[in-house]
Amino acid sequence: MLYQQMKYFMSVVECHSFTKAAEECYISQSAISQQIKALEKELGVELMKRSPRSFVLTPAGEYFYRHGKSILGEIETLKSETIRRGEDELTMKIGYLRCYGAQELHNAIAEFSQLYPEVSLSIVNGTHEELYHLLKSKQVDLVISDQRRAFNHDYFNYELLYSDCYVEISNNNSLSQMNSLTIEDLRRHSCILISSKEQQFNEQDYYQNTLGFSNQFLFADNLEEGRLMVVSNRGFMPIEAVGTLPPPAIGIKRLPLYHHKKQLQRNYCAFWEKSRTNYYIEEFAELLRKLLRQDS
């Protein structure tokens, strides 16, 4: 039985006419009639009773139309999804936080590229909100970010690890002599955040109203700029240990950050849309989690 013959039969039934169906399928009326006769011959049953200007479906034809319609729909879905996944296998776009400074993501990208050279990786960074919108608009396939919202059931929310929070502060700041710091200790010092200009308000709002910082806020475009501000004693910079952090730069002290007598922690996850999942996305997320957890 040919897929195309089934489509011709469905078109004739839905158009109530061999002539209109032939026009819709871009073939001649005699050709579409011959294809349906060939279909009946293969099935060994008559699907329609023909008269000079019309036709009626037989009970077998009614059954074949009703169930064949849903089967064709499934085939079309299978076809389009197979094509989409084939395209997705060629390129995978990954987003990560611009304040991320540990080495495991770099190692995961290197190892993944060695294991799957057929996949071209495209890497972008951004704030939490920027990455969220990139994922929602399907501009990236996978995002590595902290959890700031309730998990969405339309996405895989693949928990990587709970990361300990630290602050980097200048050796010239008297607080650098302490073994740990609290949010209260830091209240008179400026808090340096990594953010684009467009997202500064959102980052400040999160640190103020969710994490409890009541500081003046300064902003840097990237970690390097932020650390230059720290070493010049302009303020402190919050840092999450999402994996193995490199030693602090010369002139900077890195201290654990406490809140309510516990070291502050953030939940880091890999997020991707369930309807767009594929083998490579799942493999990368699992590879990154293994690298992070073996070093934690």
CZ/Phe151: more than 12 non-hydrogen atoms of other groups inside 6.0 Å
yes
Walk me through whether Asp146 and Arg148 qualify under salt bridge (Lys or Arg N to Asp or Glu O under 4.0 Å).
CA-CA 6 Å; Asp146 55 335; Arg148 297 190 184 182; 2.8 Å; yes
Listing, residues 20-27 side-chain donor-acceptor contacts under 3.5 Å, not counting sequence neighbours, or none:
residue: Glu24; atom: OE1; partner: Ser11; partner atom: OG; Å: 2.9

With side chains defined as the heavy atoms from C-beta onward, is the minimum distance between Met237 and Ile194 less than 4.5 Å?
yes
Distance (rounded to the nearest 0.5 Å) between Ile281 CD1 and Asn278 CG:
4.0 Å
Quick one: does Phe271's side chain get under 4.5 Å of Phe156's, heavy atoms only?
no
Test salt bridge (Lys or Arg N to Asp or Glu O under 4.0 Å) applied to Glu168 and Lys253, step by step:
CA-CA 6 Å; Glu168 293 189 354; Lys253 185 77 173 286; over 6 Å; no
Which atom of Asn157 lies closest to which atom of Tyr155, heavy atoms considered
ND2-O, 3.1 Å
Check Leu255 against Met178 and note the closest heavy-atom contact, atom names and distance.
CD2-O, 3.2 Å
Honestly curious: do Leu135 and Leu97 fall in one hydrophobic cluster under the side-chain, below-4.5 Å linking rule?
yes
Can you find a heavy atom in the side chain of Gln34 that is under 4.5 Å from one in the side chain of Gln5?
no
Compute the centroid of each ring, for Phe9 and then for Phe64, and state whether the two points are separated by less than 6.0 Å.
yes
From NZ (Lys274) to CG (Asn152), nearest 0.5 Å:
8.5 Å
Quick check for you: to the nearest 0.5 Å, what is the distance between Cys165 atom SG and Lys262 atom NZ?
14.0 Å
When you group the ILVMFWY residues by side-chain heavy-atom contacts below 4.5 Å and let the links chain together, are Leu193 and Leu257 in the same group?
yes
Could you grab the distance from atom OG of Ser195 to atom CD1 of Ile192, nearest 0.5 Å is fine?
13.5 Å
Residues Asp164 and Gln263: closest non-hydrogen pair is CB-NE2, 3.4 Å
With side chain to side chain donor-acceptor pair (under 3.5 Å) as the test, would you mind laying out the steps for Glu282 and Thr277 before giving the verdict?
CA-CA 7 Å; Glu282 294 167 5; Thr277 191; 2.8 Å; yes
Phe236 reachable from Ile252 in the ILVMFWY side-chain graph, under 4.5 Å edges
no
Within the side chain of Ser176, is there an N or O that forms a donor-acceptor pair under 3.5 Å with the backbone of Asn173?
yes
Looking only at heavy atoms, which two atoms of Gln139 and Ser137 are closest? And how far apart?
NE2-OG, 2.8 Å
Tell me if a side-chain donor or acceptor on Ser163 pairs with a main-chain N or O of Arg266 at a distance below 3.5 Å.
yes
Start with the C-alpha distance between Glu46 and Lys49, add both sets of side-chain angles, then the distance that settles salt bridge (Lys or Arg N to Asp or Glu O under 4.0 Å), and finish with yes or no.
CA-CA 8 Å; Glu46 192 176 38; Lys49 297 282 188 183; 2.9 Å; yes
Side chain Asn215, main chain Phe217, donor-acceptor under 3.5 Å
no
Atom pair CE (Met48) and NZ (Lys37), whose distance is rounded to the nearest 0.5 Å
11.5 Å
May I ask whether Leu223 and Ile169 are part of the same hydrophobic cluster, defined by side-chain heavy atoms of I, L, V, M, F, W, Y residues being less than 4.5 angstrom apart, directly or through others?
no
Does a side-chain heavy-atom distance below 4.5 Å link Val119 with Thr91?
no
If only atom types and distance count, is the side chain of Arg227 paired as donor or acceptor with the main-chain N or O of Glu224 below 3.5 Å?
no
Inter-residue atom distance Leu288.CG - Ile109.CD1, 0.5 Å rounding:
8.5 Å
For His153, enumerate each residue passing the ring pair (Phe, Tyr, Trp, His ring centres under 6.0 Å) test, keeping only those at least two apart in sequence or located in another chain.
none
Students often mix this up, so state it plainly: with edges at 30° and 60°, are the rings of Tyr100 and Tyr96 parallel, tilted or perpendicular?
perpendicular
Polar side chain donor-acceptor pair, Gln208 to Ser214, under 3.5 angstrom:
no
Per the ring-ring contact (aromatic ring centres under 6.0 Å, His included) rule, what does the pair list look like for residues 158-201, sequence neighbours excluded?
Tyr158-Trp272
Shortest non-hydrogen pair, Val231 vs Ile250, comes out as CG2-O, 3.5 Å
For Arg149, does the CZ atom sit with more than 12 other heavy atoms under 6.0 Å from it, leaving out its own atoms?
yes
Taking side-chain hydrogen bond (donor to acceptor under 3.5 Å, both in side chains) as the criterion, tell me which of Gln199, Gln204, Gln200 meets it with Asn202.
Gln199
Is any side-chain heavy atom of Arg98 closer than 4.5 Å to a side-chain heavy atom of Ser196?
yes
Search all heavy atoms of Leu218 against all heavy atoms of Ser190 and return the closest pair with its distance.
CD1-CB, 3.9 Å
Are Phe55 and Phe18 near enough that their ring centres are under 6.0 Å apart?
yes
Centroid separation Phe112 to Phe284 less than 6.0 Å:
yes
Go through Arg50 and Glu40 one step at a time and tell me if the salt bridge (Lys or Arg N to Asp or Glu O under 4.0 Å) criterion holds.
CA-CA 13 Å; Arg50 299 164 177 81; Glu40 290 176 317; 3.2 Å; yes
What I'd like to find out is whether the side chain of Glu273 reaches to under 4.5 Å of the side chain of Lys136, using heavy atoms alone.
no
Determine whether Val13 and Met6 fall in the same hydrophobic cluster, where Ile, Leu, Val, Met, Phe, Trp and Tyr are linked whenever their side-chain heavy atoms lie under 4.5 Å apart.
yes
Ser54 side chain to Ser51 side chain, donor-acceptor N/O pair below 3.5 angstrom
yes
Exceeds 12 heavy-atom contacts within 6.0 angstrom, atom CD of Glu225:
yes
Under 3.5 Å donor-acceptor, Asn222 side chain and Cys99 backbone:
no
